[in-house]
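Since the model is a prediction, treat every value here as computed from it, not as a measurement. In what follows, chains are A, B, ... by sequence order, proteins preceding strands, each numbered from 1.
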Amino acid sequence: MKLIMAIIKPFKLDDVREALTPLGVQGLTVSEVKGFGRQKGQTEIYRGAEYHVNFLPKVKIEVVVPSDLADQVIEAIAKAAQTGKIGDGKIFVLDIERAVRIRTGEVDGEAL
Amino acid sequence: MKLIMAIIKPFKLDDVREALTPLGVQGLTVSEVKGFGRQKGQTEIYRGAEYHVNFLPKVKIEVVVPSDLADQVIEAIAKAAQTGKIGDGKIFVLDIERAVRIRTGEVDGEAL
Amino acid sequence: MKLIMAIIKPFKLDDVREALTPLGVQGLTVSEVKGFGRQKGQTEIYRGAEYHVNFLPKVKIEVVVPSDLADQVIEAIAKAAQTGKIGDGKIFVLDIERAVRIRTGEVDGEAL
Amino acid sequence: MTRPQLKWGLASLAPMLLAAAPAFAADPKIPAADTGDTAWMLTSTALVLMMTIPGLALFYGGMVRKKNVLATLMQSFAITCIVTIVWTVAGYSLAFTTGNAYIGDMSRFMLNGLAQHIVKGVDSGFILGPGSDGAAAQTIPESVYMMFQMTFAIITPALICGSFADRMKFSALCIFITMWSLVVYSPIAHWVWAPTGWVGNLGVLDFAGGTVVHINAGIAGLVTCLVLGKRVGYGTDNMAPYNVAYAVIGASLLWVGWFGFNAGSAVGSNGRAGMAMAVTQIATAAAALGWMFAEWISKGKPSVLGAASGAVAGLVAITPASGFVLPGGSIVIGVAAGVICFWSATSLKHMLGYDDSLDAFGVHCVGGIIGALLTGVFSYGPLSATDSSPAGSPGSLHQVMIQGIGVLTTLIYSGVMTYVLLMITKALVGLRVTEDEEREGLDLALHGEQIF
Amino acid sequence: MTRPQLKWGLASLAPMLLAAAPAFAADPKIPAADTGDTAWMLTSTALVLMMTIPGLALFYGGMVRKKNVLATLMQSFAITCIVTIVWTVAGYSLAFTTGNAYIGDMSRFMLNGLAQHIVKGVDSGFILGPGSDGAAAQTIPESVYMMFQMTFAIITPALICGSFADRMKFSALCIFITMWSLVVYSPIAHWVWAPTGWVGNLGVLDFAGGTVVHINAGIAGLVTCLVLGKRVGYGTDNMAPYNVAYAVIGASLLWVGWFGFNAGSAVGSNGRAGMAMAVTQIATAAAALGWMFAEWISKGKPSVLGAASGAVAGLVAITPASGFVLPGGSIVIGVAAGVICFWSATSLKHMLGYDDSLDAFGVHCVGGIIGALLTGVFSYGPLSATDSSPAGSPGSLHQVMIQGIGVLTTLIYSGVMTYVLLMITKALVGLRVTEDEEREGLDLALHGEQIF
Amino acid sequence: MTRPQLKWGLASLAPMLLAAAPAFAADPKIPAADTGDTAWMLTSTALVLMMTIPGLALFYGGMVRKKNVLATLMQSFAITCIVTIVWTVAGYSLAFTTGNAYIGDMSRFMLNGLAQHIVKGVDSGFILGPGSDGAAAQTIPESVYMMFQMTFAIITPALICGSFADRMKFSALCIFITMWSLVVYSPIAHWVWAPTGWVGNLGVLDFAGGTVVHINAGIAGLVTCLVLGKRVGYGTDNMAPYNVAYAVIGASLLWVGWFGFNAGSAVGSNGRAGMAMAVTQIATAAAALGWMFAEWISKGKPSVLGAASGAVAGLVAITPASGFVLPGGSIVIGVAAGVICFWSATSLKHMLGYDDSLDAFGVHCVGGIIGALLTGVFSYGPLSATDSSPAGSPGSLHQVMIQGIGVLTTLIYSGVMTYVLLMITKALVGLRVTEDEEREGLDLALHGEQIF
Ligand SMILES: Nc1ncnc2c1ncn2[C@@H]1O[C@H](COP(=O)(O)OP(=O)(O)O)[C@@H](O)[C@H]1O
Ligand SMILES: Nc1ncnc2c1ncn2[C@@H]1O[C@H](COP(=O)(O)OP(=O)(O)O)[C@@H](O)[C@H]1O
Ligand SMILES: Nc1ncnc2c1ncn2[C@@H]1O[C@H](COP(=O)(O)OP(=O)(O)O)[C@@H](O)[C@H]1O
């Protein structure tokens with residue numbers, strides 16, 4: 001199994017989720033994160049003190065899928081999350097050794 | 001060493017933490033996440049616009065343990081987090097190559 | 001490529017980010033997390049009910065770098081994040097199989 | 001609400017139910033409305049409404065967990081709406097018309113006759129309790145008096161919510177509060193404040209509602225939380241408040257609004273209102289400091305929520321006393337309320353083991369009792385003196401005992417009737433949400449909304 | 001704002017523009033200022049300002065997404081500042097001086113002459129519309145009247161913002177509102193409330209601003225959101241409000257402040273103010289319950305935002321009626337407003353497909369129309385009676401039709417002029433932010449700040 | 001607070017300390033209390049209390065980082081409580097009794113004698129400064145006057161907190177503020193507003209507290225932040241405010257409440273109050289726009305916090321002038337305050353390198369000085385005229401110089417005494433939290449609570 005971790009622009013979340021459903025992905029986990037990268041943030045002004053906002057709001061999607069589905073999932077995310085503008089984000093792939101569904105105790109493929 | 005990543009129901013957090021202490025787990029890291037899965041969310045109503053809340057609040061626990069402790073830890077989490085109802089969450093296991101304790105520079109087993 | 005995941009004290013974030021720039025790290029992703037560890041939290045009092053705050057605010061940095069850069073990055077983080085006091089946090093290293101830049105479709109080394 | 005005459009004896013029992021009270025020959029002449037008095041009472045009405053929304057709504061809303069914030073705000077908001085209608089239809093009439101010693105009549109059903117003195121847009125003052133021995137001329141239009149009293153009728157049931165936060169069904173709340181307002185609030189208000197009311201005529205002093213509002217709501221809260229049972233996870237889950245800042249804003253608005261509550265109860269813009277405002281301020285500050293230092297000493301840190309809670313305890317305790325005492329007495333009342341309510345909300349509750357979520361009992365009932373009794377100690381004669389009672393009602397052991405009767409009466413009547421009404425509500429729609437709904441939070445479960 | 005005389009006929013068209021109106025021999029004598037009336041009007045002014053900041057600011061700010069909260073607060077705040085200056089320079093003069101039937105004159109340009117009666121720090125009352133047939137003596141200093149009216153001039157354009165939230169340029173807003181205040185608000189206020197105004201002299205009843213404020217702002221909002229187009233992501237993105245608690249606080253402060261709006265429109269501390277406060281409270285509660293139950297029945301859950309929105313709808317609808325109707329009528333007005341505005345904000349909007357973000361049209365225009373027409377039904381003679389019109393203006397079919405004329409006039413004039421002013425603004429600086437700015441959020445894009 | 005007579009010369013130095021002032025034969029007759037005046041002063045008192053809690057608490061609380069929000073709210077809340085007691089015990093007596101030119105006497109110790117005129121619940125007006133040349137009859141009960149003044153005594157030290165936010169010990173704050181209120185505030189209030197006070201008798205005009213409140217608090221703030229030193233991480237850490245929305249709500253409530261502050265300082269419901277309210281509104285709007293456009297031009301974006309800060313600067317600057325100037329002058333005062341305070345809070349501070357966290361000095365001291373001096377320019381004779389001074393105090397170079405004396409006196413006395421009191425506090429309990437506590441945040445470190 002693979003853990004696909006994608007950092008995307010927040011407003012693309014729903015698009016990505018919808019793109020995964022047809023592939024049979026039944027679950028995923030999302031966190032709000034802040035990203036630092038080539039895309040430069042805004043300057044904020046507070047009583048004359050200017051803070052450059054280096055960190056931009058991003059969304060991190062973590063989804064575990066059987067290894068053979070990984071390519072398709074990556075492609076689907078990449079397509080759905082793309083705007084072509086700087087800051088679109090990254091997809092990283094990690095190896096997962098085991099998965100357990102807490103409710104039933106099922107493991108690995110069954111657990112996803 | 002293994003990184004055990006568990007997605008659980010928020011109100012189970014304290015139970016899980018308490019279940020891990022007897023095993024000698026001395027530290028863990030928690031994030032608030034939103035989960036999408038078989039468990040279906042509520043419908044929210046705002047001025048007649050109904051939004052189906054696809055994402056439910058979950059808690060993600062990340063805990064790194066020596067490889068030989070992994071099984072026990074997984075079992076303990078699975079037991080403590082279980083309600084038997086849909087949406088109980090998942091446990092994923094990843095391999096960790098290295099660990100460093102920032103304060104002392106200790107590494108690997110010592111660092112946990 | 002390696003995913004370096006560091007849990008640090010929140011006020012050290014800017015120091016860490018600045019320590020990484022000279023190494024050529026161009027991007028990273030940050031989340032607010034809560035940490036449980038040797039460092040003990042405060043007691044909170046609400047109308048006489050005392051809650052021991054087991055979880056302390058920490059910041060999690062995730063940065064993916066080419067494998068050959070990993071050592072330097074770990075060292076830089078460890079140095080910048082250190083206060084020498086309990087609760088400074090940990091650095092974990094995971095292996096990354098693939099990376100994709102969503103905007104361009106570039107992969108692996110190019111994508112970082 | 002200052003009783004114009006403090007008499008010792010029983011009120012006439014002439015059966016007036018459902019009969020409009022004719023203006024007897026013996027009634028005082030209807031005075032012209034005074035623009036200054038009216039201005040202050042209009043203002044006071046706005047201030048007291050502000051106490052409930054957004055004041056109390058925020059005070060309570062800030063103390064619950066994130067998943068219940070909106071539902072808690074909704075309780076205050078919905079009660080404001082429900083009681084407004086109940087009061088318009090029958091509540092005001094039952095409370096403030098002449099009737100008999102126990103209940104008013106229906107002569108102001110649907111506020112019938114409220115506009116009877118309006119001529120070319122101009123209204124006169126009015127007679128409270130016309131036809132009764134205590135009939136009292138008021139220098140403000142009756143519409144203003146009705147509105148001012150409405151805001152009291154609103155906040156009282158809203159206070160109860162503190163005890164059952166996080167677990168009551170919204171439908172149950174709507175039904176329970178409607179009945180409670182008519183069956184518990186209106187009668188007690190009549191007993192204490194109507195010129196014919198038997199408790200007031202016993203000589204019980206309750207300037208702005210220590211018994212009618214706070215003891216009443218507090219004991220109802222205790223009964224409700226006992227009937228409902230504890231919150232799921234009580235004692236194990238972290239139930240730390242989501243946003244103490246909301247609670248502080250709420251307490252601040254309660255404080256500011258309470259000037260309308262207490263100084264407005266002078267029903268005029270006069271020296272009594274001024275003195276009521278002064279002692280309200282002083283007692284509140286003393287109570288907040290009392291709670292703060294008690295907590296600082298016993299727990300090591302002065303919490304922000306503690307200071308705010310202490311202020312509310314002080315406001316509660318000075319309420320019955322506010323038109324009768326001088327600054328010195330108000331400091332004693334304040335410190336007593338702060339320290340004792342700190343103890344009741346933090347120790348007594350744990351000793352007895354009930355789950356009064358936001359301390360409706362521990363602050364309002366306990367604070368109300370402290371205030372009611374100490375009013376009997378510190379009452380200053382000239383402030384309550386009238387033509388027929390030139391000495392007023394100065395503090396005395398005798399007065400303390402009379403105050404005790406007022407307290408007991410309220411505790412018993414309100415406690416028993418609250419229990420009965422809860423049972424009726426339970427039979428109709430049930431009282432408590434399911435465990436799953438409680439875990440999920442009332443915001444989503446009951447109202448389909450959440451805070452982000 | 002009670003018109004002292006309700007006359008049937010056309011006002012004098014004597015060309016007075018730019019001429020200070022001399023106090024004619026026929027004018028009523030300038031009365032002394034009454035301290036009670038003045039006290040209530042000072043208080044009312046504070047209450048109405050509180051409606052806009054922080055009331056409306058929070059009501060609107062709580063309903064947008066996190067990224068637009070500050071920008072939405074800023075709209076109300078900046079409009080408060082801009083209109084204050086506009087009103088000082090020319091707005092008040094155009095609206096409330098004698099002038100002719102369509103517009104005032106410039107005799108109060110820069111508030112020139114406002115202090116003319118001050119002697120040793122003491123001011124007298126003043127004559128509204130001196131030299132005209134309807135010249136009316138007021139028992140408060142003109143400075144107080146000017147201030148009270150200013151707060152109305154402020155809130156009206158601030159209401160429009162609800163329709164274009166999340167997408168209008170801040171520079172465009174500044175320019176548009178400045179022009180709108182002078183070209184739309186001041187004339188309509190003059191028509192309806194100045195003694196010489198032609199709409200008022202037709203006999204249209206608008207006690208506190210159903211047409212001048214709410215229909216006016218509501219239709220302007222509809223035009224604006226149609227011109228601007230829908231928000232990016234409308235219908236697909238989740239646009240759930242960031243913090244309904246803010247919206248509830250805002251609605252509560254609107255409610256409390258509205259006592260100043262409606263009861264203050266009696267321009268005195270009297271029975272009419274008292275009755276206006278009472279019916280305001282009752283209609284608001286009825287409307288909130290109306291919306292709540294309508295939603296409960298049709299959607300299965302009573303939302304908190306729904307109850308708050310219903311309350312606002314009730315406040316809007318009772319506004320024109322508040323000085324004229326009795327409690328019974330106010331319940332009907334309230335229920336009608338609650339149920340119909342629920343339908344317009346949740347169904348009509350989707351049927352017609354415009355994106356009125358926070359329902360400025362669905363609540364203020366629709367609610368205002370309901371109120372304006374029902375005022376013609378429920379108006380109670382003695383409340384509007386005067387010496388010259390001893391029967392007052394009781395409800396009648398005839399009166400409903402006159403009310404309809406007032407409504408239509410406002411819809412047409414405000415709608416057309418709003419469109420023209422938007423086009424001018426567009427030509428000058430453009431109306432809408434770029435799509436990227438909209439996605440990023442107005443807080444950062446326009447103001448360089450954000451909420452954490 | 002309008003001085004009834006503006007005299008040139010030194011006050012009687014008759015040693016009256018600790019002696020109750022007998023009502024001299026020469027004193028004016030004690031007037032009856034006027035219900036309208038009393039109504040407005042009761043309302044003003046509520047409004048000014050609302051300025052501090054929740055107004056200022058939110059304004060400051062919204063500008064700090066998340067970890068310090070509750071501690072910042074607590075500062076305003078606790079100061080409200082502490083000063084209430086201090087004022088009751090001795091502060092009012094020291095400030096407003098006859099005494100001598102430099103300090104009052106102890107005749108109102110513990111508010112002794114405040115109820116002396118109460119008969120059958122009714123109070124009369126009272127004489128301010130009985131036995132002195134300037135003895136002035138007031139048409140409100142003394143209890144109301146005492147309360148109104150108390151709210152000023154509360155907000156002044158609360159303003160100082162802006163300068164030392166995020167780093168002062170709570171125990172130090174309690175001790176420092178108690179002393180400061182007695183040693184700095186009460187004497188300066190006496191100098192300027194008591195009929196015997198030497199600064200007022202020099203002819204310095206300070207209607208509502210430009211010197212007594214704002215310059216005084218502002219300079220105390222500067223001294224405090226210099227003594228405490230900069231926050232840990234100043235200049236490197238991101239110190240962006242946690243919630244600008246709170247700051248906007250706070251600024252809005254300050255604005256609304258300031259009507260009580262300025263118009264209430266007329267001590268009556270009259271034309272002067274009306275004019276004071278009008279110029280307050282106009283100057284505030286002008287200042288907010290001034291700051292907004294200055295920032296828009298120089299930084300490229302108009303920030304929301306900037307507009308709110310500008311409004312506060314305008315409120316500060318118009319305060320001393322509010323009972324003396326006309327609308328035209330108020331616009332100039334407002335624009336000057338907005339632009340100059342923008343410069344002092346954003347440039348001057350960085351140039352000089354002190355860390356005045358929330359600009360207590362940059363806004364209150366600088367704004368107060370602008371207002372005090374411009375009062376001397378724009379004062380309009382008829383507003384300050386009296387029988388004995390029929391020309392009033394019209395603006396003149398001479399008057400500006402007198403104003404300058406008032407400013408300097410306050411700067412020096414408050415600055416020096418603040419330093420002394422800080423040193424005493426430091427010796428007693430220390431002033432600053434540890435670096436670890438500061439990093440962790442005052443909410444948890446000092447009060448054991450946090451916001452989620
Ligand atoms: N090396 C990295 N490790 C982890 N996260 C990264 C890394 N580089 C970029 N990111 C994340 O991806 C986001 C987008 O990257 P950025 O360089 O701004 O633009 P782009 O995606 O177009 O290359 C960043 O905000 C950050 O969250
Ligand atoms: N494939 C997956 N990858 C990552 N997270 C998942 C995945 N499937 C489920 N989850 C997480 O687990 C949570 C629970 O899953 P769900 O399907 O609702 O019920 P159950 O745990 O009973 O199978 C989800 O809310 C989501 O956070
Ligand atoms: N085994 C672990 N797995 C995951 N996170 C850990 C683990 N141990 C510690 N942490 C994280 O590191 C933080 C610091 O650990 P702590 O034991 O308090 O001090 P120190 O870093 O000095 O050893 C914790 O708050 C927690 O977030």
Part of C:L28 lying under 4.5 Å from any heavy atom of chain A | both
Donor-acceptor under 3.5 Å (C:D88 side chain, C:T83 main chain) = yes
To the nearest 0.5 Å, what is the distance between OG1 (C:T29) and CD (C:E62)?
-> 7.0 Å
At a heavy-atom separation under 4.5 Å, does C:E106 approach chain A through its side chain, its backbone, both, or neither?
-> neither
Between C:R98 and C:D108, is there a side-chain N and carboxylate O pair less than 4.0 Å apart?
-> no
Non-hydrogen atoms of chain C under 4.5 Å away: do they reach the side chain of A:F92, the backbone, both or neither?
-> both
Measure distances from C:L112 to the heavy atoms of chain A and classify the residue's part below 4.5 Å as side chain, backbone, both or neither.
-> both
Looking at C:E97 and A:K2, does any basic side-chain N land under 4.0 Å from a carboxylate oxygen?
-> yes
Take C:I91 and C:I4 through the side chain to side chain contact (heavy atoms under 4.5 Å, CB included) test and state the conclusion after the steps.
-> CA-CA 7 Å; C:I91 305 173; C:I4 321 269; 3.5 Å; yes
Just how far is it from atom NZ of C:K60 to atom CG of C:L13, taken to the nearest 0.5 Å?
-> 14.0 Å
Among A:Q82, A:K34, A:R38, who wins on heavy-atom pairs under 4.5 Å with chain C?
-> A:R38
Turns out that what part of C:A111 lies under 4.5 Å from chain A's heavy atoms comes down to backbone
Top of C:D95, C:V30, C:V107, C:I96 for chain A proximity - count of heavy-atom pairs under 4.5 angstrom = C:V30
Measure A:K79 against the heavy atoms of chain C and call it side chain, backbone, both or neither at under 4.5 Å.
-> neither
For A:I74, is it the side chain, the backbone, both, or neither that has a heavy atom closer than 4.5 Å to a heavy atom of chain C?
-> side chain
Residue A:K58 versus chain C: region with a heavy atom under 4.5 Å | neither
Is any side-chain heavy atom of A:V63 closer than 4.5 Å to a side-chain heavy atom of A:V65?
-> yes
